[in-house]
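Step one of this worksheet: look at the structure below.
Note that the structure is a prediction, hence the values are computed from the model and not measured.
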Amino acid sequence: MFRPDEDRLDYGNELLPPEGFHFVRAVSTTYSLDFETLIAALVPLALKGDIDDKELYSNPIAILQAIRKVIGRLVIFCEAGQIKVPTSRNRLASLLDEIVVQVALPRKGRCYPSFHPKTWLIEYENNEGEHLWRFIVLSRNMSNDHSWDVAVSFEGEKRTGSYGATKDLVRFLEYLRGRVHKGAGTDRQWKVTNEMISSLAGVSFFCESPFDGFDIFPMGIDRDAKPVDIFKVSEPFDDLVVISPFLSPGLIKELNGGDDGTKERGRILISRAEALGKLEPSDADKFRKYMLREVTTESNERQDLHAKVYLRRRGSQTELWIGSANATESGTSRNVEMMVCLYCYNRHLNANKLMNDICGGDPSGKTSPLEEVFDVGECGVEESDEEAARHAAEDTIREICRLKMVGMVVADGEQYRMSLNVPSDREFPGVTTYPINAPGNRMELRGDVVVNFPEPMELEDLSSLFVFSVEYVGGKVERVVKVPVEGIPDARNDAILNKIVKDRPALLRYLAMLLSPNPALTLRQLDEAGVFLADGDGQLSSARLLPGLYEEMLIAAVESPERIREVGNLLCKIRSDDEVLSRYSKMYDCFATALGLNLAKEIVHE
């Protein structure tokens, strides 16, 4: 269950539709988000391709099709100010504004609570109209982090019985729906969330052996509700295991207990060195304490702990908590989090079994990934001035995300100009901003003024995503922030499509992907099959191309008519006078007429 060498999960595999099913819709939550990791999730979810085919994840045609397939069917909620800037300029990143909803929780006292749950809720359907649901709770964000994380997955289907867990999931979705503020470009996100709520009527989720039940605990969504008591501090226990990368000394001290004769109870604490270093020796003197040994990945990045797992046993009953909440005051009482609690018997899972799984036997053995900590004082690391300055810069980003900014687009001939209204009475020294696909338009951010970006922009570069950069002594913090923008033409997405599918090879790759039952099939493989061969002038020959595509269309019409509709949708959006495209379009019209598909009106109105 928790053996690092055997029980590893692949993020993409967890999202991949079951055999015979396809993706219908999904709602996901994460604290932080980066474009590259999102693509790694969308490709298996939308294309059902070979997730080990690395070429697929870097293929712009595959990425474009994956994004196009999920627009209007996927919404991702994330913490405002925690979208990472793409590592390189990519127009496809603009399409994130069709998928992402930022959540900016109001300040509580001196702190900003975080929107911190990490979940996926996915609905699938097969050709017989049967539906399945999958609910995944993780400790991992949608970001490129090599730390140790944990996830648990539940399958759901329509059945009679108890729907208690589903009711709490619906309550969480209703909270998310309330975070979609009506305005420019939010109708699709609201609709997806609402349809997911409706789809769950009569659905039950189930867990696998050795667990005989579970409960879902959305945390922080009811302002007046009592916080979820994960640790049940006031109740007796026999085993307690706390695995968390971040700790609040006060909470750990409370779990440590007083001089009440409970020293022999099994207490185990696994965390990061810097978190353990913030404890006083007496805060955790009844715990056996561990941290990860120094381990680096193949790319020479240090692995650390990011999993949140809490085990509590009393007698023969064991509770296992998994999710997003750290063992901190923020995690347990202020943030929005998601935790699940699974129940089983002691004979299946307890503190010793959990540690044996993680360590492969003896926790103190040479092959154990854990290193026991005997003196927390040796772990302490004082925060540097640079780290303090970085935290202040991140607070500035949080404040910017909570401004009621509004963007505007106006036509300037065949191009467009953008502006940003910043309603604030404070200055922002060292802060600059630019539209995500126009770094040359970087401007200083000033309060209570309209920032007019100087350079005109192409239609395909327009987006409601802006990069905000906060400089501090020793570095800078850069984040992508979504801002409501008025005036982005409806044709923006088609312009991006035509910028990517800009020539005959790109078009043929796209058509091949749409028609193939396995979208991971590469152009190289198609070449080997003799479908596409170049003629004398180096162009792909229509004489060889069209018969091959016609055959693929016949197969698709029988096996998956939806692929034919996708081809028609593509053809009506591509702007090109290419001779092969013209011939293929005529062939498509004849094909659709001969099969009686009558797709033209459907395509126009999709």
### Sidechain N-carboxylate O distance under 4.0 Å for Glu399, Arg426
yes
### Message
Under 4.0 Å between a side-chain nitrogen and a carboxylate oxygen: does that hold for Glu14 and Arg134?
### Response
no
Exercise answer: donor-acceptor pairs, residues 468-479 side-chain atoms, under 3.5 Å, sequence neighbours excluded:
from	atom 1	to	atom 2	distance (Å)
Tyr472	OH	Arg390	NH1	3.4
Arg479	NE	Gly81	O	3.2

Would you confirm whether [X], through its side chain, and [Y], through its main-chain N or O, come within 3.5 Å as a donor-acceptor pair?
X	Y	answer
Ser419	Val451	no
Asp461	Ala438	no
Asp97	Leu465	no
Lys191	Gly72	no
Arg492	Leu459	no
Arg402	Leu105	yes

Does some side-chain heavy atom of [Y] sit less than 4.5 Å from a side-chain heavy atom of [X]?
X	Y	value
Met405	Pro423	yes
Arg417	Phe453	no
Thr29	Leu176	yes
Leu16	Asn13	yes

### Tyr416: ring pair (Phe, Tyr, Trp, His ring centres under 6.0 Å) partners, not counting sequence neighbours
none
### Query
Between Leu33 and Gln82, is a side-chain contact (heavy atoms from CB on, under 4.5 Å) present by the stated rule, with each step listed?
CA-CA 6 Å; Leu33 172 68; Gln82 287 298 326; over 6 Å; no
#### Entry: Mutual orientation of the aromatic rings belonging to Phe115 and Tyr175 [parallel < 30°, tilted 30-60°, perpendicular > 60°]
parallel
### Summary
So ring pair (Phe, Tyr, Trp, His ring centres under 6.0 Å) across residues 24-44, not counting sequence neighbours, yields Tyr31-His116
